[in-house]
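Computed over heavy atoms, backbone and side chain alike; hydrogens, waters and symmetry mates excluded.
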Number of protein chains: 2
Amino acid sequence: MVHIPDRSTVPPPAPRSVPTSADVARLAGVSRATVSYVLNNTSAVRISEPTRRRVRAAAKELGYVPHAAARSLRAGHSRMVLMPAPEVPAGPLYSQFINELQWALGRLDYTVVQYGQVGLRGDEAARAWAELRPVAVLLPGGGLGPEGVAVLKRSGARAVVTMGVERIEGAHALLMNHAEVGRSAAVHLYGRGRRRIGVVMPEEPGLEAFSNPRLEGVRRALEGTDATVTVLPLAYEEESAAELAARWGELNLDSVFAYNDEYAMLLMRALQDNGVAIPGDTAIVGADDLMLGRLLRPRLTTVHLELPSGRALAELVDQAVQNDTAPPEVRQVLGAHVIPRDSS
Amino acid sequence: MVHIPDRSTVPPPAPRSVPTSADVARLAGVSRATVSYVLNNTSAVRISEPTRRRVRAAAKELGYVPHAAARSLRAGHSRMVLMPAPEVPAGPLYSQFINELQWALGRLDYTVVQYGQVGLRGDEAARAWAELRPVAVLLPGGGLGPEGVAVLKRSGARAVVTMGVERIEGAHALLMNHAEVGRSAAVHLYGRGRRRIGVVMPEEPGLEAFSNPRLEGVRRALEGTDATVTVLPLAYEEESAAELAARWGELNLDSVFAYNDEYAMLLMRALQDNGVAIPGDTAIVGADDLMLGRLLRPRLTTVHLELPSGRALAELVDQAVQNDTAPPEVRQVLGAHVIPRDSS
DNA sequence: TTGAAAGCGTTACCAC
DNA sequence: GTGGTAACGCTTTCAA
């Protein structure tokens, strides 16, 4: 005969399930309500110290961790700020900005969640985000229509903030004036007597949102002048740069705005390898003011971007969340100014 | 007398709340169950086409979006893979790896969520992550003890995978052998006749997890030889590099392993500005095989890192989730080999 | 083919 | 002070 252990003396074999507040209550010999009161330090209700201790001990013993989904379901809201992860690996400038922002929002007791994209577009993506019922959504770059914003708001998002080139109906907007980046570069080059100006356009997908406005800024700045603008597609590879440098003579340019410092470095190296003197034959201007620009010879003239501080954006989000009814705010950010160095 | 509108004829004034499946059911004139069946395409139950249409139309009209928390609460599990966001802005190599991983996990129908750190440490952080009840947790770098892993597993995480230098009890481990990076560099330099070898250690916080093992790798590779190892603290700023370069003579080194390509570029520039010939007087080896190394003159010798593919890691995660009971797997990743160029 | 109802883990209101 | 109970939004079993 098989021995069956007595249930009353032998503990059940490892309850392989996740402990709930009910388990804690059972172990502590109190009700679930009391557990909730103790663990949330509810000040409205006074619980005796011995009870508190028993509850805390039970929670610790079981390794109890509250269930965020259940909590926010009950509460009817969360403090999750959702940010779609960028589709292209972000540069150092953007990464640092995001970090700052996360930190600042954390200080305000929000939880920042970067939601990994799969390839969802526009409103489909908006619906996926809305399922998480975030209290606010931060959208780097555009790619979302007014309907998308409406979906998010209907699903309870109290603030939708876009950081991009154009504003979207219903959403707060931090307008990144990338045209200004191009404009600054163009004005600088023109002022230094350059007239045949090339503009590098990265061939890597996902960068059009920045490169197009930058080009447009150059074009507008030079409109009505005697300067010409030549578009220069360039992939971030040595071969591509070598090809471009090989036909540099026929392009007949006296200067380039190279999209950013990294493309500038790539192109500058290829030109120098081809005997083009910088800035004698051709002036080069980068953008983003990265460290590497200062390390090049000649030192790279660049357009420094003034991004909004993470703290400021965090406060904007917080305000928007608290004051749901206020009309969407549109704020110009991204100042740009040229830092003249030796390449132009 | 104030006119009170008849509730039965006047619709309630804009239900400023989030539409639920009950609202959809009401509008479509069916039960909540039917709504669920239709919207989830439940194949076990057959619903008439007209009903399906009515439900879908109602959902669309209301802008209904299911509530992920409620859904996973009911289901008892989610497909969320949680990844703590790195505390230091990540480099291009890591960013790309994360992107690939997100994409690959998305293909497997997981939702990747990068959880923003605030400053929580160790087990406290583990508890915060556990509240979200992720099905798997991916930990870049260490900073978590076995207790932390236990908390996560008890809260339902079916897989915990660390990507770091050392393994953690109970967790799958992708061991990044950063010592091998240092070893490769050291062997290379020694093979080229260099004996007085400097090793750059970034002063920026958060990089010790990589820099220490790299240094250790150099040390171990040169143990028992006639080579000496000199530690060179360096901040990622021109001034710091200039200071270091200024006392280069007294350091009496014939070579440097510069932690990575960016620090290598910084140091190389400072040395060249001080009249140190590269590689004549001093050889330099970087790491990470970034584009910029190819653009330097002399071209930078570097240690190329072979990170695991995002797809491979995604499959590991998926396996681990499906086969909960299998023992944690420990896998060596991060191959490293020197790409000799002109700086050494 | 559809509907009623239970239950996932929490918290808050209201009795005791 | 403490405990029952209802409700958050959803899925699913069972019954009609």
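For A/Y37 against C/dC13, a side-chain-to-base donor-acceptor contact under 3.5 Å is present. Judged by atom type and distance alone, A/R74 reaches the base of C/dT11 through a side-chain donor-acceptor pair under 3.5 Å.
Positionally, the nearest nucleotide of DNA chain C for B/G29 lies more toward the 5' end than for the other of B/G29 and B/A70. In this structure, A/R32 and A/S48 both approach DNA chain D, and ranking their closest nucleotides by distance from the 5' end singles out A/S48. Checking A/A33 against B/A75, the closest nucleotide of DNA chain D that is more toward the 5' end is the one next to A/A33.
Under 4.0 angstrom from either OP1 or OP2 of C/dT10 there lies no side-chain N or O belonging to A/S72. OP1 or OP2 of D/dC10 lies within a sub-4.0 Å distance of a side-chain N or O belonging to B/Y64. Taking 4.0 angstrom as the limit, A/S21 places a side-chain polar atom (N or O) nearer than this to OP1 or OP2 of C/dT10.
Under a 4.0 Å N-O distance rule, the pair B/R121/B/E87 qualifies as a salt bridge. Note on A/R311 versus A/E315: salt bridge recorded, some NZ/NE/NH1/NH2 to OD/OE distance being below 4.0 Å.
Minimum interatomic distance between B/R133 and A/P19 (heavy atoms only, all atoms of both residues): NH2-O, 4.3 Å.
Side-chain atoms of A/R46 lie closest to D/dG1 of the nucleotides D/dC10, D/dG1, C/dT10. Nearest nucleotide to the B/S36 side chain, out of C/dT10, D/dG3, D/dT11: D/dT11. Across C/dG9, C/dG3, C/dT11, the shortest atom-to-atom separation from the side chain of A/R71 is found for C/dT11.
Counting non-hydrogen atoms under 4.0 angstrom, B/T42 reaches nothing in the nucleic acid. At a threshold of 4.0 angstrom between heavy atoms, the contacts of A/I47 are confined to the sugar-phosphate backbone, with no base atom among them.
Distance, A/H77 NE2 to D/dA7 C1': 15 Å, rounded to whole Å.
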Steps toward side-chain contact (heavy atoms from CB on, under 4.5 Å) verdict (A/T34, A/T51): CA-CA 9 Å; A/T34 306; A/T51 304; 4.0 Å; yes
